[in-house]
Amino acid sequence: MMEVLSIGSWFASVDWGHLMIMILAIGAGLFAIVGSIIPALPGPPVGWLGMLLVFLWGGPGMSRGDISLTALIVMGVIMVIVSVLDYVLPVSLTKATGGSKYGSKGAMVGLVIGCFFSVGGFWAGIAAMLVLPFFGALLYEIIWGHKSGKAAAKGAFGSFLGLLSGTGLKLICSCVMLCYII
C-alpha cells in the first residue's frame, strides 16, 4: 500500500538549506543569461558564483561535489576570457571596419532601447535587439562621427558585429554554466 505524506511530514522531510542554495544557484544561472543580453549587468560572473554555490554545497542530488573543481576552474577561466573579449571585440571590430567610438556608443544605445521592445513579445524583443543596435550605430556614426552613408554603414556594421559577438560569447558561457548548475 502506498504511503501518503501529510503536509507536516513533507515539510519536515525537506532539506531547506539545500533547497535555498539551489534556488540561489539557479537564480544566479538565469540572471547570468539575462545579464549576457542586457548591458551593464554582470552576467557570466554571477553565473560562475551559482556554480560555486553548487560546488560548495551540492546540486540537485544534494551531494557535495556535483561540479568538479576542474570544471569550476575551467569555467572560471573561460568566464574571465569571455568578459575581457566582451570589451575587446567591439572596439577592435569597430576600428577594423573604420568605425569610431560613436558607432560603439550607438550600438549600445540601440541595444538598450531594443530591450524595452521585449514587452511587446518575445520575437519583437529579439528582432529589436538585433536591428536597433545596427541603426543606433549608423545614426551615431552619421550624426556625431560626421561620416557619409557608406562609411557610416561600414563602421556601424563593425560596431554591430562586435556587440553581437561579445553578447553571443557571454550567452554561450552563461548557458553552459546554467547547465552545470542544473
Side-chain angles (χ1 to χ4, degrees), residues 25-52 71-182:
I26 291 170
L30 293 173
F31 181 88
I33 291 173
V34 172
S36 296
I37 298 168
I38 298 176
L41 292 181
V46 174
W48 187 83
L49 289 176
M51 282 185 66
L52 181 64
L72 187 69
I73 291 171
V74 167
M75 286 308 298
V77 169
I78 290 172
M79 180 264 310
V80 168
I81 291 169
V82 165
S83 296
V84 169
L85 283 176
D86 185 44
Y87 290 102
V88 172
L89 281 175
V91 172
S92 62
L93 287 173
T94 300
K95 289 188 184 291
T97 56
S100 66
K101 64 180 178 182
Y102 300 112
S104 295
K105 287 180 185 179
M108 190 64 68
V109 168
L111 181 63
V112 170
I113 292 170
C115 289
F116 291 109
F117 281 93
S118 62
V119 175
F122 177 76
W123 293 112
I126 295 294
M129 284 191 281
L130 289 175
V131 171
L132 290 179
F134 174 77
F135 284 113
L138 182 65
L139 287 174
Y140 268 61
E141 286 287 359
I142 291 171
I143 296 170
W144 284 283
H146 306 290
K147 295 193 175 179
S148 66
K150 188 175 182 178
K154 188 177 174 186
F157 181 71
S159 298
F160 170 72
L161 199 59
L163 181 71
L164 199 61
S165 60
T167 301
L169 286 173
K170 288 190 307 184
L171 194 57
I172 291 168
C173 180
S174 296
C175 286
V176 169
M177 286 191 277
L178 181 60
C179 288
Y180 270 109
I181 292 168
I182 292 176

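Along the sequence shown, residues carry numbers from 1.
The environment of CZ in F157 is sparse: at most 12 heavy-atom neighbours from other residues, nucleotides or ligands sit within 6.0 Å.
Using modelled atom types, no side-chain atom of T167 and backbone atom of L164 make a donor-acceptor pair closer than 3.5 Å.
Atom CG of residue L52 and atom CE of residue M177 lie 12.0 Å apart, to the nearest 0.5 angstrom. Rounding to the nearest 0.5 angstrom, the gap separating the CD1 atom in I33 from the CG atom in L171 is 6.5 Å.
Applying the salt bridge (Lys or Arg N to Asp or Glu O under 4.0 Å) test to pairs two or more places apart or on separate chains, none has a residue in residues 30-45. Residue pairs that meet the side chain to side chain donor-acceptor pair (under 3.5 Å) test with at least one member in residues 29-42, sequence neighbours left out, are S36-S174. Pairs of residues two or more places apart, or lying in two chains, never qualify as salt bridge (Lys or Arg N to Asp or Glu O under 4.0 Å) while including a residue from residues 127-137. Pairs of residues two or more places apart, or lying in two chains, never qualify as salt bridge (Lys or Arg N to Asp or Glu O under 4.0 Å) while including a residue from residues 107-117. The salt bridge (Lys or Arg N to Asp or Glu O under 4.0 Å) analysis of residues 96-116, with sequence neighbours excluded, yields no pairs.
When all heavy atoms of Y140 and V109 are compared, the pair lying nearest together is OH-CG2, 3.5 Å. The two residues L178 and I26 come nearest to each other via the heavy atoms CD1-O, 4.2 Å. Of all the heavy atoms in P133 and F160, the pair that sits closest is CB-CD1, 4.0 Å. Scanning both residues, V46 and F31, for their nearest heavy atoms gives CG1-CD2, 3.6 Å. Summarising the geometry of A71 relative to Y180, their closest heavy-atom pair is CB-CE2, 3.8 Å, with the distance given to 0.1 Å.
Considering only residues two or more places apart in sequence or on other chains, S100 meets the side-chain contact (heavy atoms from CB on, under 4.5 Å) condition with Y102, E141, K147. Remark: V112 pairs with P39, F116 by the side-chain contact (heavy atoms from CB on, under 4.5 Å) rule, at least two apart or across chains. Every residue two or more places apart in sequence or in another chain that forms a side-chain contact (heavy atoms from CB on, under 4.5 Å) with A156 is listed here: F134, A137, L138.
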Could you list the donor-acceptor pairs under 3.5 angstrom formed by side chains in residues 87-98, with sequence neighbours left out?
from	atom 1	to	atom 2	distance (Å)
S92	OG	V88	O	3.1
S92	OG	L89	O	3.2
T94	OG1	P90	O	2.6
T94	OG1	S104	OG	3.3
T94	OG1	S159	OG	3.2
T97	OG1	L93	O	3.0
T97	OG1	T94	O	3.2
T97	OG1	K154	O	3.4

Identify each donor-acceptor pair in which a side-chain atom of residues 73-86 lies under 3.5 Å from a protein atom, sequence neighbours left out, and give them as a table.
from	atom 1	to	atom 2	distance (Å)
S83	OG	M79	O	2.9
D86	OD2	K170	NZ	3.2

